[in-house]
Amino acid sequence: MKEITVLFKSLLHLGTSKRYEKEDNHRIVKINIITALLIVLSLGLGSAYWILSGYFSIFVATVIESIVFFGVLYLNKKKKHVAAGITLQMIINLAIIYYGLTLSAAVDPIWLTLFLLICCLSFIKVGAAQTYCLVISAVSLLFLELNRSMHFVPPLDFSPGMLNFIYYCTAFTVLTLTSVSLVSLVHYNAKLFHTISQRNLQLTALNRDLHTANTRLEQQVKERTANLEKAVTAKNIYVRELTHELRTPLNAIYSIAQLKLLSGKDKGQSEKKIDEDLFIACRNLQSLINNTQDKCKLDSGNFDDVKKESILLFSWITNIVNIYQYFANEKRVKIELEVQPNFPSAILEDSIKLTKIVNNILVNAIKFTRSNTSIFLRIYRDDTHWYIAVKDQGAGISPDRISTLFKEFTRTTINFAEGSGLGLNITNHLVKILGGTIQVRSIMEEGTEFVVTLPLVPFTGEVKSASIELRENNLISFEGKKILVVEDDIMTQRYLSLLLSKRGFSIMHADNGHEAINKAFNQPDIIILDMSLPGKSGKDVLIELKSTPTLKNIPVIAASADTDETNIQEILLEGACDYMIKPIDFNILIDVLVKNLLTGAIVKN
């Protein structure tokens, strides 16, 4: 009995595999069950029909049918499951046509077709094959119904008792096979529903765990984001304070470097070279500090807003060229400046950002141009834009490197000072902030040209213009003018006073805000006011000066290491005539003094 059970189970699971989907295995088992039942019923009923009716042809047909049914089991065993399903469907279809014709007097075609349709839906996977089989089943039903009405093929002649026997046997066969198919389907669906229910429970548990994990992760992200923001804020505060503190000693060193350059007429060539090296080193350090501060602003997303003002273009660009010519002298390079003749004398633009852009591009050109060559700085315009083009005569840049030029921390060297790797990266950001673009054109072994394109907005208002050429401001004297220098740093005070006294100024000093107010009543012609004073701040001093009727007309030049443009704008709105960032550039300071004391300026003979 055990062996029979094992054999029966083996027969039912013939051709199944653990690698198949459950639905595919269920279909294979169903084909095996129906095929086995059809073999048994075909042989049993065929033999009964033969014995009772005497028609041997019926028995022969059932034997052939049973043999072909064994072929279906064989196809399943060989893993040809689609062929097995289609073969079973075709055999049943042919058998139904045969028995429907020969037994039409006792068999209703609707019974046969019902079973045919159920078989088609059960044994064949959804697709083209199932569609074809359904069409064939419908055609078979139509053919049997037409034959029943018109008797194309005459049925076999049976006695009334035999007809009843065949009718009930046919009904039993169809109902049995249909019931087996439906029970199998219900059983499979129940198992599938149970499996889905289990999976749903598992998914619910997983979703709950995932939600808990996500909540925990979100909390961790919030905490780490907060910690990161605190770290970035702390870093920015540290960098701001550090660079602010660095500017104080740099102010003194830079002042010494400028004084040495300005007093270099009677010095030998080697001593002049040392003075230039000191000046270049100071400018490099100043550039590093500025770029570091700008990088912190970019990282925090708090870069200063665009604040446009009128710029005397030729004076502005000439001053920059004069400063960077010292750098270029190191390599015996000449900076050639060309401004388009019909260019507006004044434009509206953010002078601080614009100066940073030109400074960074010029430094880059000086780094990479060959010795004993020229750098060409051109400024030109069209109807809507203006252009700053800086071309060197260096080795050029390969196309694959051009795409990396504006990435941060691309480090290079200039003389004995190494760059921060931020210059071009910040330049690119500044150009975008001003609504422009920057392009690089390079030819290997010939040189590289940077072209900045910016919207052109000519200034149409009244422009204060000095009657003295600012490039020659080293000839300007302020004899008879009084200046109040409000500065608590002794070194800065000393070197500023030395410079200003050489230009003819009568100097007054103040170390704090209270002293500054008191000495301002001596009516100096102009005041240089440090913003970071002990006690009363420079801003408070400025406000008090501008609110005092007898002092409000004295021009006040604010000086500070603070580069925040919002703070700068606030100081200017409080009444300062200009704002100078420490370390103070003497050339720019003289320009500012000329603009504010123009009527009293004379030129030495």
Side-chain angles (χ1 to χ4, degrees), residues 244 247-248 251-252 255 304 307 309-310 351-352 462 464 466 476-501 503-601:
H244 187 279
R247 287 183 185 275
T248 301
N251 191 40
S255 299
D304 302 309
K307 298 180 179 68
E309 58 183 343
S310 61
S351 62
I352 294 177
E462 183 181 355
K464 289 184 178 180
I476 298 171
S477 175
F478 298 90
E479 294 289 347
K481 296 295 182 181
K482 292 187 296 183
I483 188 167
L484 173 59
V485 179
V486 185
E487 175 63 65
D488 65 314
D489 181 69
I490 300 301
M491 287 190 294
T492 302
Q493 187 184 102
R494 181 184 302 134
Y495 293 113
L496 264 179
S497 299
L498 180 58
L499 167 76
L500 295 169
S501 62
R503 295 305 178 96
F505 276 109
S506 175
I507 314 293
M508 294 185 291
H509 297 127
D511 297 330
N512 55 64
H514 294 290
E515 187 179 359
I517 296 296
N518 292 333
K519 291 193 175 182
F521 284 102
N522 293 327
Q523 294 298 318
D525 294 287
I526 197 164
I527 299 172
I528 297 178
L529 177 61
D530 180 28
M531 291 291 102
S532 301
L533 294 173
K536 181 179 287 190
S537 69
K539 181 180 177 181
D540 292 337
V541 173
L542 177 63
I543 293 172
E544 188 170 344
L545 287 171
K546 295 303 173 181
S547 62
T548 304
T550 57
L551 305 177
K552 66 180 182 180
N553 293 324
I554 301 174
V556 178
I557 301 172
S560 175
D562 186 1
T563 61
D564 189 284
E565 292 184 27
T566 302
N567 295 337
I568 293 174
Q569 189 65 23
E570 187 177 345
I571 295 300
L572 293 175
L573 290 174
E574 293 294 346
C577 65
D578 218 311
Y579 187 104
M580 300 209 66
I581 297 173
K582 293 183 177 181
I584 295 174
D585 187 297
F586 285 177
N587 286 321
I588 298 176
L589 176 59
I590 297 302
D591 290 349
V592 173
L593 291 170
V594 167
K595 291 175 184 177
N596 289 278
L597 300 174
L598 185 60
T599 55

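Heavy atoms only: backbone and side chains are in, while hydrogens, waters and symmetry mates are out.
With contacts defined as side-chain heavy-atom distances shorter than 4.5 Å, the pair Ile352/Ile568 qualifies. No side-chain heavy atom of Thr492 sits under 4.5 Å from any side-chain heavy atom of Ile584. Contact check for Leu500 versus Phe478: no side-chain heavy atoms found under the 4.5 Å cut-off. The shortest distance between side-chain heavy atoms of Arg503 and Ile590 falls below 4.5 Å. Side-chain contact between Phe505 and Leu496: absent, with no pair of heavy atoms (C-beta onward) separated by less than 4.5 Å.
In this structure, CG in Leu498 is found 8.5 Å from OH in Tyr495, a value given to the nearest 0.5 Å. Here the straight-line distance linking atom CZ of Arg494 with atom CG of Asp489 works out to 9.0 Å at 0.5 Å rounding. Atom CG of Asp562 and atom CG of Asn567 lie 4.5 Å apart (nearest 0.5 Å). Atom OG1 of Thr548 sits about 11.5 Å away from atom CG of Asn553, to the nearest 0.5 Å. One distance of note links CD1 of Ile554 with CG of Asn596; it measures 12.5 Å at 0.5 Å rounding.
Closest of all the heavy-atom pairs between Asp530 and Ser560 is OD1-CA, 4.5 Å. The shortest heavy-atom contact between Asp511 and Leu533 is O-CD2, 4.2 Å. Closest approach of Ser532 and Asp488 over heavy atoms only: O-OD1, 3.5 Å. In terms of heavy-atom proximity, Ile526 sits nearest to Pro555 at CG1-O, 3.3 Å. The shortest non-hydrogen separation linking Ser497 to Ile507 is OG-CG2, 3.7 Å. Closest approach of Lys519 and Met508 over heavy atoms only: O-CE, 4.1 Å.
Applying the salt bridge (Lys or Arg N to Asp or Glu O under 4.0 Å) criterion to Lys536, with sequence neighbours excluded, gives Glu544. With sequence neighbours left out, the salt bridge (Lys or Arg N to Asp or Glu O under 4.0 Å) criterion links Glu570 to Lys539.
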Under the side chain to side chain contact (heavy atoms under 4.5 Å, CB included) criterion, do Asn522 and Leu484 qualify, and how do the steps go? CA-CA 9 Å; Asn522 293 327; Leu484 173 59; over 6 Å; no

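Side-chain atoms of Lys546 come within 3.5 Å of backbone N or O of Lys552 as a donor-acceptor pair. With Glu487 contributing its side chain and Gln493 its backbone, the two residues share no donor-acceptor pair below 3.5 Å. A side-chain donor-acceptor contact under 3.5 Å links Gln523 to the backbone of Thr550.
In summary, of the residues considered (Val486, Ile483, Val556), a side-chain contact (heavy atoms from CB on, under 4.5 Å) with Ile528 occurs for Ile483 alone.
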